There are 2 protein chains.
Amino acid sequence: MPDTLSQTFSALADPTRRAILARLRQGEASVSQLAEPFLGQMTLPGVTKHLKVLERAGLVTKGREAQWRPCTLNAAPLKDAAEWMDEYRVFMEASLDRLGEYLKTVAPPVRESTLTDPPTSPPAPFDDHR
Amino acid sequence: MPDTLSQTFSALADPTRRAILARLRQGEASVSQLAEPFLGQMTLPGVTKHLKVLERAGLVTKGREAQWRPCTLNAAPLKDAAEWMDEYRVFMEASLDRLGEYLKTVAPPVRESTLTDPPTSPPAPFDDHR
DNA sequence: TGGTTAATTAGCTGATTAGTATAATGCTAA
DNA sequence: TTAGCATTATACTAATCAGCTAATTAACCA
């Protein structure tokens, strides 16, 4: 019984599923419409399974229209994921700063604009064990 | 051979691993320090495995300090994930707007501040198949 | 040298996942 | 009522994952 956030991240951890979500940004689509780009590499039941994962994660909602199941994007669960990530925003910058420092030691500076700020998160000392 | 983004999301799809990352925001920590909060529910080798997943995803770097392996957070891979999510920002809002609309039909409005804007992404019509 | 601590490896189990092929369901239209 | 399309269900395989115990490596200290 995985928590919601894990289910969301898990659903996103597959390129086929991410492509389906990207396709749904352009609007509703039926299952076979969604499957069409993948039918070279995957069968229709395969796509159905991926859709079920997205559905379980609440990222896709399936309607009914005669024999079609128009699927729509529901990005609400992404909100939680994005909020979780926001906590790491400052560390993303810090990592890039570190990367910048590293590059400066390897290659001559190539006229970067703003790489001058002090590191945003001073590393805490490693206080041995216990 | 999963792509980088899938590896990142996959690594995040576990509460233990997310807790480890959260812990590392406060600075370096040894493996046993990281394991300590989980030792009630999990053994040390279990934590080592989770750390290996995080390491493979590039989210954690392990150093050497005598018999300890001080682990540090590397949030750089999160940058890509965050950028991927940014494409869905507008749809997160749209979902919330839809939620707001729905709530308005169910309960009397409870003095919400700004819930007045038109939907940010007009739903595209479902053009049957083909 | 031997003992202790930190961490990993190896080998196992059970659960989950991604994929397949084929069969079944449900709807529309002739 | 039957044919045909869209979708899902079933049943199977192979691979991966999360967890365990027990054993091993590696470093320190006395």
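Given the structure is predicted, the values throughout are model-derived calculations rather than measurements. Proteins get letters first, then strands, A, B, ... in listed order; numbering begins at 1 in each.
- Using a 4.5 Å cut-off between side-chain heavy atoms of Ile, Leu, Val, Met, Phe, Trp and Tyr, with links allowed through other members, B:Leu39 and B:Ile20 fall into different hydrophobic clusters.
- Distance check, rounded to the nearest 0.5 Å: CZ of B:Phe91 to CG of A:Leu21 gives 10.5 Å.
- B:Arg64 comes within 4.0 angstrom of no nucleic acid atom, judged by non-hydrogen atoms across all strands.
- Expressed to the nearest 0.5 Å, how far CD of B:Glu28 lies from CG of B:Leu34 amounts to 10.5 Å.
- B:His50 has a side-chain polar atom (N or O) that falls below the 4.0 Å cut-off from OP1 or OP2 of D:dG19.
- Atom P of nucleotide D:dC28 and atom CZ of B:Arg69 are separated by 10 Å, given to the nearest angstrom.
- Candidate nucleotides C:dA21, C:dA7, D:dT7 were compared by shortest atom distance to the side chain of A:Thr43, and C:dA21 ranks first.
- Taking atom CG of residue A:Leu51 and atom C1' of nucleotide C:dA18, one finds them 14 Å apart after rounding to whole Å.
- Distances from the side chain of B:Pro45 to the nucleotides C:dA21, D:dT21, C:dA6 place D:dT21 closest.
- Between B:Leu44 and B:Arg56, the one whose closest nucleotide on DNA chain D sits nearer the 5' end is B:Arg56.
- A close approach under 4.0 Å does occur between a side-chain nitrogen or oxygen of A:Arg17 and OP1 or OP2 of C:dA18.
- Residue B:Met42 has its side chain nearest to D:dG19 when only C:dA7, D:dG19, D:dT21 are considered.
- Put simply, CG on A:Asp14 is 6 Å from P on C:dG19, counting in whole angstrom units.
- Rounded to an integer number of Å, the gap from CG of B:Leu39 to P of D:dC20 is 10 Å.
- Protein atom CZ of B:Arg18 is 12 Å distant from nucleotide atom P of D:dA18, rounded to whole Å.
- Between B:Thr48 and the phosphate of C:dA7, there is no side-chain N or O to OP1/OP2 separation shorter than 4.0 Å.
- Here B:Lys49 lies in heavy-atom contact (under 4.0 Å) with a base.
- Within the structure, a side-chain polar atom (N or O) of A:Lys62 is placed less than 4.0 Å from OP1 or OP2 of D:dT8.
- Nearest to the side chain of B:Ala66, among C:dA18, D:dG19, D:dA27, sits D:dA27.
- For B:Trp68 and D:dC28, the CH2 to C1' distance is 7 Å, given to the nearest whole Å.
- Here D:dC5 presents its P atom at 16 Å from CD of A:Gln33, a figure rounded to the nearest Å.
- Taking atom CZ of residue B:Phe38 and atom P of nucleotide C:dA7, one finds them 15 Å apart after rounding to whole Å.
- A close approach under 4.0 Å does occur between a side-chain nitrogen or oxygen of A:Ser32 and OP1 or OP2 of D:dT7.
- Closest non-hydrogen pair, B:Leu44 versus B:Ala35, comes out as CD1-CB, 3.4 Å.
- Under a hydrophobic clustering in which Ile, Leu, Val, Met, Phe, Trp and Tyr are joined whenever their side-chain heavy atoms come within less than 4.5 Å, directly or via other members, A:Val53 and B:Leu12 fall into different clusters.
- Distance from the side chain of A:Val53 is smallest for C:dA18 among the nucleotides C:dA18, D:dA9, D:dT7.
- Of the two residues contacting DNA chain C, namely A:Gln67 and A:Ala13, the nearest-nucleotide position lying further toward the 5' end is that of A:Ala13.
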- Message: For B:Phe9 and B:Leu5: C-alpha separation, side-chain torsions, deciding distance, then whether side-chain contact (heavy atoms from CB on, under 4.5 Å) applies.
- Response: CA-CA 6 Å; B:Phe9 280 131; B:Leu5 203 45; 3.8 Å; yes
